[in-house]
Amino acid sequence: MSYAYLFKYIIIGDTGVGKSCLLLQFTDKRFQPVHDLTIGVEFGARMITIDSKQIKLQIWDTAGQEAFRSITRSYYRGAAGALLVYDITRRETFNHLTTWLDDARQHSNSNMVIMLIGNKSDLESRREVKKEEGEAFAREHGLVFMETSAKTAANVEEAFINTAKEIYEKIQEGVFDINNEANGIKIGPQHSPTNPSLPGSGGAGGSQGSGCC
Amino acid sequence: MEYFRSGLKSVLGTTTPGNQPTGAEIVERLVSRVSTSTLLEDRRDACRALKALSKKYRLEVGAQGMDILKQVLELDRSDCEIIGYCLDTLCNITSKDTFEEESENNINMQVNVGEQFTEMFLKNPENVTLILTFLEEYDFRVRWPAIRLMTSLVCSKPKDVQDIILVSPMGVSKLMDLLLENREVIRNDALLLLINLTKSNANIQKIVAFENAFDRLFDIIKDEGWTDGGIVVEDCLLLMLNLLKNNNSNINFFQEGAYLQKISPMFELPPNLEEVGWSPQKVSNFLCVLQLVRTVVSPNNSAQIITACQKTMRNANLLEALSNILMASGVPADILTETINAVGEVIRGNLTNQEYFANVLAPSNPPRPAIVVLLMSMVNEKQPFTLRCAVLYCFECFLFKNEIGQELVVQTLLPSNAGVSNLSMGQILCSGIFSKDHLSNWFSAVALSHCLIENPAQKEQLLRVLLATSLGAQPVSLLHQSAVFLQHTSKLQAKLGILMLLAQWMAHSPEAVKVFLNVPGSMAYLTAQTSASEFDNNEELLQGLCAFLMGLCVLYNDNSVPNYSKENLSQLIEKRVGIDTYCKKLVEISRHEVYAKAAKQPQIKSKHSSELLLEFEFCKLLKTLEGVIIQALGVQRDLSNGMSELSLNEHENALLLQYKELIRDQDKKLQDMQKSMNNMHKTTQGLETQIKELQETNTQLIDQNTLLKAQLAVNPSNVTNGPQIIESIKPLSSSIESSLLERVKTLEIERDEAKKEIERIRKDQDDLLELLTDQDLKLNTFKQRLRDLGETIDDDDSDNDNNSDGLENES
């Protein structure tokens with residue numbers, strides 16, 4: 001299927017906070033209680049619709065383990081959005097957010113949209129980090145915040161889609177240079193570069209092109 | 001060369017004639033010049049000279065100059081020229097290749113000097129990071145040699161360099177930027193560098209893909225004119241192959257990113273192809289694209305990915321394009337072969353694609369299905385061997401998990417259909433099985449066997465197939481004819497083919513077994529082969545397969561053929577062959593290297609026709625049933641296990657005794673072990689009771705502790721309950737009170753007495769005072785009398801008088 005835009009995401013955060021499960025829930029709509037440790041990075045993709053435009057999300061799910069940190073750093077630069085995930089039942093994953101954020105800000109392009117996600121909201125009884133704390137952290141660092149559950153799928157769609165909305169708005173505002181692919185944004189094939197003044201005008205439709213998925 | 005000499009002279013100063021310095025001396029002087037010269041020009045000249053010498057005197061330059069060159073890279077980084085010389089020099093000394101100039105100079109070059117210098121250079125990872133920063137320098141004199149040096153390092157020590165680049169920040173990203181370079185030399189060398197860097201390192205492969213590698217590469221390929229482009233196109237395709245091979249994440253990305261659709265233009269054949277012909281480069285490019293297709297749908301990938309890619313390829317008309325190439329004329333044989341393989345893997349296990357392929361027609365007159373045309377080439381002796389293998393593989397892929405396809409083939413052989421079509425798939429295969437070309441026998445038998453895999457219905461249907469052997473003779477069944485052919489043919493390859501067909505047929509099919517057992521001489525043949533002791537080249541495979549078929553006859557026997565019941569056959573094996581020999585022969589197959597090769601992947605990868613003996617699906621069948629057969633025979637043997645020691649011969653008796661001894665020994669050991677086990681048990685029990693005791697005391701202590709805690713907790717509340725304490729104090733206080741009262745009483749009494757006493761004493765005193773005043777008056781009168789009488793009286797007296805006056809006054 002053809003798309004108007006393609007956004008590249010990365011998912012980052014401590015090991016075991018549920019990054020791969022979030023991706024699996026988003027792309028395959030299923031939950032896998034026991035997930036193998038991610039080695040390096042894994043790829044996933046899905047199409048969403050914003051403002052009646054098809055937007056393709058390409059998502060790189062990174063390994064949270066310290067040993068892979070240098071590898072995963074290579075992915076910051078080319079991403080338009082990042083989901084920074086912590087586990088609401090493990091305080092230390094929340095405490096490490098600053099390190100992650102510093103890392104991301106240092107290696108990414110300055111416009112990258114970062115969404116803070118407190119995952120495992122279904123485990124209310126084991127909660128160690130209050131929702132207000134997450135909100136406060138997000139406010140302090142200028143991030144969007146959400147609590148999700150990869151298990152029950154609560155807010156998972158929203159997390160990915162709201163991030164895309166934020167990026168989309170930034171494009172509309174002209175903050176992103178959409179012709180520079182290093183920003184993690186690509187214009188769809190039928191929205192050819194010959195028509196660079198796109199967003200408003202080019203939304204014609206997906207009937208052109210070869211029509212494959 | 002002359003220029004270089006003069007350059008050398010200017011650097012080294014003129015040497016005295018007749019006293020030529022050795023290479024090592026020259027290098028030494030140059031190195032010292034680089035390190036000591038204060039003028040940049042001097043250092044630059046020396047570096048240029050070192051570069052010129054670095055091929056011929058590689059060992060010397062490397063050994064003496066490595067450190068100083070690294071130093072220059074750090075200190076003189078602002079001067080592009082000198083950096084360029086240094087990088088070039090390092091590139092030469094770390095190169096994996098041996099230079100011409102060098103070989104005439106050094107005869108003893110067994111050790112790889114380049115690799116050793118690379119190792120030295122890589123000892124400090126900072127060096128690689130330094131080179132990476134030079135890649136960012138736009139100046140051609142720096143960027144180009146930097147790329148080549150990196151390539152040289154990667155070629156010599158791929159693993160080490162990969163690890164360093166992975167941990168250096170943005171290492172891969174910097175390299176990827178080079179693909180955007182508009183100076184083609186640099187871009188092309190960057191491609192080579194990336195090809196070497198991405199070899200068997202999934203992490204780098206993924207980062208390169210993330211950095212839009214596929215977009216960039218397709219852009220380059222497009223610019224270069226698709227498959228008509230030069231070697232750069234091939235390099236781009238090789239890099240893509242590296243990124244995708246065994247990398248599910250990247251294949252997923254490739255498929256999701258709609259890159260498969262971008263392959264399509266490369267499969268378009270120009271209409272005037274026959275006039276233009278195929279240039280060698282075009283053939284290479286084309287083969288790479290076919291490889292690319294096969295990599296994403298390779299049977300080794302995860303099923304989910306294969307299915308997704310197969311679907312995309314059909315929808316993007318890639319399957320159509322590939323089919324067109326199959327049917328086009330003038331296509332070189334190696335491309336045709338690879339295309340057949342690619343088509344096979346694109347349709348393998350995908351019903352829709354298989355159906356599509358079944359309907360592809362060849363542009364012949366009359367039009368025939370493409371599969372028929374392909375099968376005709378398979379049984380054609382004149383076709384190249386690899387092409388025939390590819391056709392078989394493609395046909396197998398067509399039948400893989402495709403019941404409809406299997407039925408389609410078998411149906412063309414059934415009596416109702418026979419004779420209607422002039423040339424059908426089934427007929428080609430049947431004539432192939434019994435043809436004079438033994439390779440055709442093998443191919444056809446294997447091909448037909450794939451119609452029967454996991455398909456009981458077709459096993460039965462195929463039993464209905466009748467063949468007219470010769471004019472006027474009774475038609476015989478296909479299975480019957482195969483069994484007869486097996487006994488008569490002298491070629492190993494043909495025999496193995498037939499045996500594999502029969503095995504697939506008879507497995508899980510008592511019907512087929514029954515027909516086979518009724519073929520005269522069939523069982524005798526199998527027995528003879530299995531019990532044969534001598535074997536030539538690969539003859540053991542034949543014997544093993546015969547044994548396997550015998551086993552199947554036992555396993556799937558419904559006892560409907562007299563003389564060949566389950567029991568009869570197992571006795572036959574036991575008596576005529578011997579269980580041990582039988583098992584040995586059977587197990588021999590899976591130990592054979594031919595088996596190992598065939599069982600590796602579905603595709604037939606033999607290089608020579610004589611290597612074609614076993615086949616993938618048969619190996620799978622053998623693996624699953626081998627154990628079952630041995631078990632079945634073992635059970636049978638146990639039933640007839642009535643032998644006594646008497647029936648044994650001397651040798652066996654000795655053996656038996658030996659075993660008995662062994663058993664006795666083992667028994668003793670067992671007992672010893674048991675004893676020690678018991679001891680252990682006891683000690684553990686003792687330990688357990690100790691633990692229990694300890695636990696008890698522990699709980700007691702805990703109880704006490706809690707009790708004390710509880711008390712502690714109660715105490716402060718007692719204070720607030722004051723009355724209680726007062727209550728407890730009351731008896732005490734009342735006793736104290738009473739005693740106090742008593743005391744008060746006694747004291748009061750005492751006091752009263754004392755008061756009385758005081759009263760009395762006062763009275764006494766008053767009386768005495770009165771008495772005293774009386775006496776005083778008397779005394780005064782007496783004194784007066786005396787004075788009157790003229791007596792002198794002491795002053796004292798008068799004083800006393802005064803005193804007494806006072807006293808008198810007071811009282």
Side-chain angles (χ1 to χ4, degrees), chain A residues 1-3 6 8-10 20 23-24 27-28 30 38-47 54 56-63 66-80 103 106-109 180-190 193 206 209-213, chain B residues 125 162-177 179-180 201-216 218-219 243 247-265 304-305 308-309 311-319:
Chain A
M1 229 195 294
S2 59
Y3 52 85
L6 184 153
K8 286 187 181 178
Y9 280 12
I10 50 170
S20 302
L23 179 60
L24 194 69
T27 57
D28 289 24
R30 62 195 171 94
T38 308
I39 307 291
V41 291
E42 286 303 325
F43 171 79
R46 216 190 98 178
M47 198 76 97
Q54 294 284 307
K56 186 161 203 137
L57 298 185
Q58 291 186 336
I59 305 147
W60 275 266
D61 163 35
T62 67
E66 187 63 42
F68 294 106
R69 200 64 68 85
S70 62
I71 293 172
T72 53
R73 275 194 197 113
S74 304
Y75 291 84
Y76 288 119
R77 187 180 79 157
D103 223 25
Q106 191 191 337
H107 293 99
S108 68
N109 69 68
N180 182 1
E181 282 188 4
N183 284 336
I185 296 173
K186 252 165 74 175
I187 310 163
Q190 83 276 33
S210 52
C212 306
C213 51
Chain B
Q162 285 171 339
D163 289 345
I164 296 173
I165 287 187
L166 264 181
V167 296
S168 57
M170 293 292 129
V172 180
S173 312
K174 280 172 195 162
L175 298 177
M176 284 305 296
D177 290 340
L179 285 187
L180 288 173
N201 186 316
N203 281 322
I204 293 187
Q205 288 163 5
K206 286 181 196 171
I207 298 175
V208 170
F210 175 81
E211 294 276 352
N212 303 313
F214 293 123
D215 287 315
R216 305 256 163 92
F218 274 115
D219 285 346
L243 299 183
N247 192 326
N248 278 331
S249 178
N250 272 0
I251 294 176
N252 194 4
F253 174 55
F254 194 75
Q255 191 265 331
E256 285 284 349
Y259 294 110
L260 275 171
Q261 285 85 334
K262 292 193 176 180
I263 294 181
S264 297
Q304 200 186 352
I305 284 178
C309 289
K311 189 176 160 202
T312 310
M313 286 190 183
R314 182 181 64 244
N315 291 336
N317 298 330
L318 268 179
L319 180 56

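The sequence lines fix the lettering, A, B, ..., with proteins before strands; numbering per chain opens at 1. As a basis for the values below, the full set of heavy atoms in this structure was taken, side chains included, without hydrogen atoms, waters or symmetry mates. Remember, it's a predicted structure, so these values are computed and weren't measured experimentally.
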Exercise. Which atoms form the tightest heavy-atom contact between B:Ser249 and A:Glu42, and what is the distance?
Worked result: CB-OE1, 3.4 Å

Seminar exercise, completed: Output for pair (B:Ile207 CD1, A:Trp60 CH2), nearest 0.5 Å, gives 12.0 Å

Problem set entry | Close side-chain approach of A:Phe43 to B:Phe210, heavy-atom, < 4.5 Å | no

Exercise. Heavy-atom distance under 4.5 Å to chain A: side chain of B:Asn248, backbone, both or neither?
Worked result: neither

Exercise. Looking at A:Arg77 and B:Ser173, what are the two nearest heavy atoms and their distance?
Worked result: NH2-CB, 3.4 Å

Problem set entry | Partners meeting salt bridge (charged side-chain N to carboxylate O under 4.0 Å, His left out) with B:Asp215 (sequence neighbours left out) | A:Lys186, B:Lys262

Exercise. Taking all atoms of both residues into account, what is the closest heavy-atom pair of B:Val167 and A:Ser70, and its distance?
Worked result: CG1-OG, 3.4 Å

For this session: Specify the closest pair of heavy atoms between A:Ile39 and B:Lys206, including all atoms of both residues, with the distance to one decimal.
Result: O-NZ, 3.8 Å

Exercise. Within a strict 4.5 Å, meaning less than it, do heavy atoms of the B:Glu256 and A:Thr27 side chains meet?
Worked result: no

Problem set entry | Portion of B:Gln205 that has a non-hydrogen atom of chain A nearer than 4.5 angstrom | neither

For this session: Give, as side chain, backbone, both or neither, the part of B:Val172 having an atom under 4.5 angstrom from any heavy atom of chain A.
Result: neither

Problem set entry | Least distance between heavy atoms, A:Gln58 atom then B:Gly257 atom | NE2-CA, 3.9 Å

